[in-house]
Colleague: 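One structure, pasted below without further comment.
Counting starts at 1 for both ligands and their atoms, in listed order. Owing to the predicted nature of the structure, the values given are computational and were not obtained by experimental measurement. Computed from heavy atoms alone, side chains included, the values below leave out hydrogens, waters and symmetry copies.
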Amino acid sequence: MRVVLLLLVLFCARVQATDPHSFSNFTLVSHPELKLDLTADFDKQQLQGFVELKLDWHYPDARQLVLDSRDLTIENVVGQSAEGRWHRLSHSFGDKSRYHGQALLIEFPAQFPVVRIYYHTSPQASGLQWLTKEQSSEKQQPFMYSQSQSIHARSWIPLQDTPAVRLNYQARIRTPKQLLAVMGADNSANTEKDGDYFFRMPQAIPAYLIALAIGDLEFKAMSERTGVYAEKVWLDKAVAEFSDTEQMMQVATALYGDYPWGRYDLLILPASFPFGGMENPRLSFITPTVIAGDKSLVSLIAHELAHSWSGNLVTNGSWHELWLNEGFTNYVENRIMEQVFGPERALLERQLSVQDLENDLLQLDAKDTLLITDYTGRDPDEAFTQVPYIKGMLFLQFLEQRFGRAVFDPFLKNYFQTFAFQSMDTEKFLRYMRKTLLNDPDIVSMGEVLEWLYQPGLAGTFVAPESDAFKQVDLQLELWQKTGNLAELQTNSWSIHHWLHFIGQLAATVDIAQLQQLDQGFGLSQSKNAEVATAWFKVALAKNYSKAIPALEQFLLKVGRRKFVVPLYLQLSQNPEYLEWAKNLYQKARPGYHPLTQSAVDKVLKLN
Ligand code: BES
Ligand code: ZN
């Protein structure tokens with residue numbers, strides 16, 4: 001009797017372990033293996049073909065498979081019985097949900113080991129961007145790519161779209177002959193262009209890491225296991241900019257254990273890519289806006305590489321705990337930067353991050369400043385604030401400082417090894433810390449840890465990073481403002497970091513004449529560095545400095561990275577002088593933006 005009761009309790013616990021951003025019934029049945037066979041049709045802007053799922057049934061009475069889907073057209077569903085015969089299966093859709101798409105319910109007469117779904121995607125698929133040849137970087141051939149995080153894999157593959165389920169996959173992708181397809185998988189055999197490509201991902205990954213891109217791509221090696229895929233215009237520039245990738249891998253490996261994925265390549269996307277980077281396994285997707293010519297923005301590569309341990313190997317089990325991916329990754333990123341580029345640069349990058357976090361904290365609801373945020377009923381992409389990234393990083397830095405690296409480094413390495421290829425939640429991490437780290441309350445008390453983990457805002461034990469370099473910049477800024485003499489600004493030795501700190505102080509302190517003086521002296525409106533340009537445009541808009549507007553227009557027409565574009569449109573929308581201008585500009589720019597950027601800007605300009 002007691003055993004039955006115990007089993008019942010265990011069963012209920014499993015059944016209830018669901019993800020608020022997935023319809024799938026993964027506790028009853030899951031798909032450890034997936035096979036894709038898709039053709040890319042650039043005229044129709046759709047993928048069509050089938051996905052075949054190998055099924056693991058976890059409960060004897062289960063006869064239904066519930067998958068996630070969004071804007072998919074299902075043509076036919078068939079299942080293969082244990083004896084190998086194929087049967088047609090009935091399917092239906094659940095209600096449409098604004099952020100989550102639709103459940104796809106498939107009924108089985110018995111627990112078949114395999115199901116195959118024939119389908120095609122829609123041109124509006126939220127996880128795909130289809131670019132005409134004019135919208136590619138070379139302007140000769142069309143381009144398409146996927147961006148599945150957080151819950152957009154379901155818009156191009158019907159599957160269990162939750163980070164709590166892992167799978168291996170194989171894929172066959174057919175494309176126009178002159179184009180190359182690449183995936184976040186084994187790409188080594190695929191550099192010959194013939195329009196028919198095969199991939200294999202032998203390591204188990206969550207759905208949000210399935211990734212595909214197709215374009216007029218070339219490959220160039222950087223080391224034996226690293227290289228760049230890009231359209232020709234970017235190839236040599238990217239190889240030069242990211243030439244430290246191999247060293248970054250060695251640094252991360254020395255700290256956190258073997259690199260578990262084989263190769264590490266970079267794919268340079270067109271400038272409309274909505275993110276800075278995306279850590280697709282074996283093949284990070286990268287915005288060209290970090291190719292600044294001086295390696296000043298390569299912390300992004302350190303970041304995406306760091307996800308090979310934090311995120312791809314040990315994965316947040318739900319989007320409410322994104323900090324387990326991004327906070328750990330920012331921490332690891334900064335350690336890599338410190339070793340490859342020196343402690344000074346790493347410190348400046350930390351300090352700039354804290355400034356970004358402080359700006360976000362001013363604007364967010366207190367409940368969204370917790371490390372664990374509740375996005376039930378909301379779009380989990382909204383969790384993409386500085387909180388999981390920077391507050392998460394600062395928490396780990398707090399632990400590092402208290403325990404010392406001699407203790408903290410092996411702790412983190414063991415964490416990655418202990419939970420490799422598993423999903424993680426904050427409670428589980430806390431239990432692991434209790435067991436292996438938190439054994440002396442004089443070093444760190446439980447109360448201190450709980451404050452970081454479960455209280456809003458910055459914890460009382462936060463120690464702000466401070467650099468002399470930025471103090472010098474502040475002093476020069478003061479002197480220049482006092483004297484009006486631009487020569488007070490000794491900028492020759494400034495790095496991008498100094499500039500970003502400097503520009504970050506301006507909105508509060510300068511007037512329009514001073515902005516003009518700076519612009520004439522340093523050509524800031526024309527900056528080729530996307531971070532500097534964005535920071536400058538923000539100040540310009542805050543002060544109605546209209547001379548920056550033509551450059552801003554060019555920038556917004558070219559770049560679709562959400563982090564840059566959305567705050568700029570937001571500021572424009574709040575300024576009566578520019579609102580109409582911004583709406584007109586957006587009409588021109590919108591077709592070139594990714595669906596995710598489009599919906600974010602639509603919201604900001606109140607167009608939906
Ligand atoms: N995994 C993220 C991108 C992401 C997060 C996509 C949440 C969808 C939802 C990626 O690793 C990332 O963090 N990119 C940052 C760059 C980084 C250096 C902070 C970005 O795109 O700005
Ligand atoms: Zn990240």
Side-chain angles (χ1 to χ4, degrees), residues 21 99 126-127 129 145-155 161 163 184 205-211 242 248 266-269 271-281 283-290 292 296-316 318-334 336-337 346 349-350 352-354 356-357 360 373 375 378-393 496-497 500 530-531 534 559-567 594-597 599-600:
H21 301 297
Y99 299 120
S126 60
Q129 186 175 25
Y145 64 91
S146 69
Q147 166 57 40
S148 298
Q149 194 183 4
S150 306
I151 55 167
H152 304 285
R154 66 189 65 178
S155 75
D161 195 5
I205 56 163
Y208 78 90
L209 291 177
I210 305 178
F242 305 136
M248 289 180 175
L266 305 172
L267 169 66
I268 310 304
L269 290 166
S272 62
F273 182 51
F275 291 100
M278 178 64 213
E279 65 271 26
N280 297 315
L283 182 66
S284 286
F285 284 21
I286 304 293
T287 171
T289 62
V290 290
S296 58
L297 304 177
V298 298
S299 61
L300 180 102
I301 306 299
H303 180 97
E304 304 312 335
L305 171 67
H307 273 303
S308 305
W309 289 265
S310 46
N312 298 6
L313 196 58
V314 183
T315 308
N316 56 205
S318 129
W319 298 118
H320 297 180
E321 307 196 46
L322 183 64
W323 85 274
L324 293 165
N325 278 13
E326 299 299 345
F328 278 68
T329 294
N330 258 39
Y331 174 81
V332 172
E333 166 200 323
N334 201 252
I336 296 173
M337 290 305 289
E349 291 186 352
R350 277 202 303 281
L352 288 169
S353 307
V354 170
D356 288 344
L357 172 65
D360 260 19
T373 39
Y375 285 89
R378 292 193 273 171
D379 183 350
D381 283 350
E382 282 182 35
F384 187 70
T385 73
Q386 298 293 329
V387 173
Y389 284 81
I390 312 302
K391 184 176 172 181
M393 169 188 83
I496 290 305
H497 307 87
L500 288 173
E531 294 280 352
T534 304
V559 174
R561 184 172 168 191
R562 257 180 17 172
K563 173 183 156 190
F564 298 145
V565 162
V566 177
H594 186 281
L596 293 181
T597 308
S599 59

Colleague: Quick check: of its N, O or S atoms, which one does Glu326 have closest to the Zn ion (ligand 2)?
Modeller: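 Answer by atom name: OE1.
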
Colleague: For the residue pair Leu267 and Phe273, establish whether any side-chain heavy-atom pair is separated by less than 4.5 Å.
Modeller: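 Heavy-atom side-chain distance check fails, nothing below 4.5 Å.
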
Colleague: Quick check: does any side chain N or O of Asn334 sit under 3.5 Å from a backbone N or O of Ala346, one acting as donor and the other as acceptor?
Modeller: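 The answer is yes, because a donor-acceptor pair under 3.5 Å joins these two groups.
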
Colleague: Select all protein residues for which some heavy-atom-to-ligand 1 distance is less than 4.0 Å, and list them by chain and number.
Modeller: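 Contacting ligand 1 under 4.0 Å are Gln147, Gln149, Ser150, Phe275, Gly276, Gly277, Met278, Glu279, Leu300, His303, Glu304, His307, Glu326, Phe384, Tyr389, Arg561.
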
Colleague: Could you pull out the atom name of the N/O/S atom in His303 that is nearest the Zn ion (ligand 2)?
Modeller: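 It is NE2 of His303.
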
Colleague: Have a look at Phe275 and tell me which of Ile286, Thr287, Leu596 forms a side chain to side chain contact (heavy atoms under 4.5 Å, CB included) with it.
Modeller: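 The single option meeting the side chain to side chain contact (heavy atoms under 4.5 Å, CB included) with Phe275 is Leu596.
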
Colleague: Measure the spacing between CD of Glu382 and CG of Leu322 and express it to the nearest 0.5 Å.
Modeller: 13.0 Å

Colleague: Please enumerate all residues that pass ring-ring contact (aromatic ring centres under 6.0 Å, His included) together with His21, with sequence neighbours excluded.
Modeller: His100, His320

Colleague: Whether the side chain of Asp161 engages the backbone of Arg154 through a donor-acceptor N/O pair (distance < 3.5 Å, no angle test) should be reported.
Modeller: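 Yes, because the side chain of Asp161 sits within donor-acceptor range (under 3.5 Å) of the backbone of Arg154.
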
Colleague: Ring centres under 6.0 Å, that's the criterion: do Trp323 and Tyr389 meet it?
Modeller: no

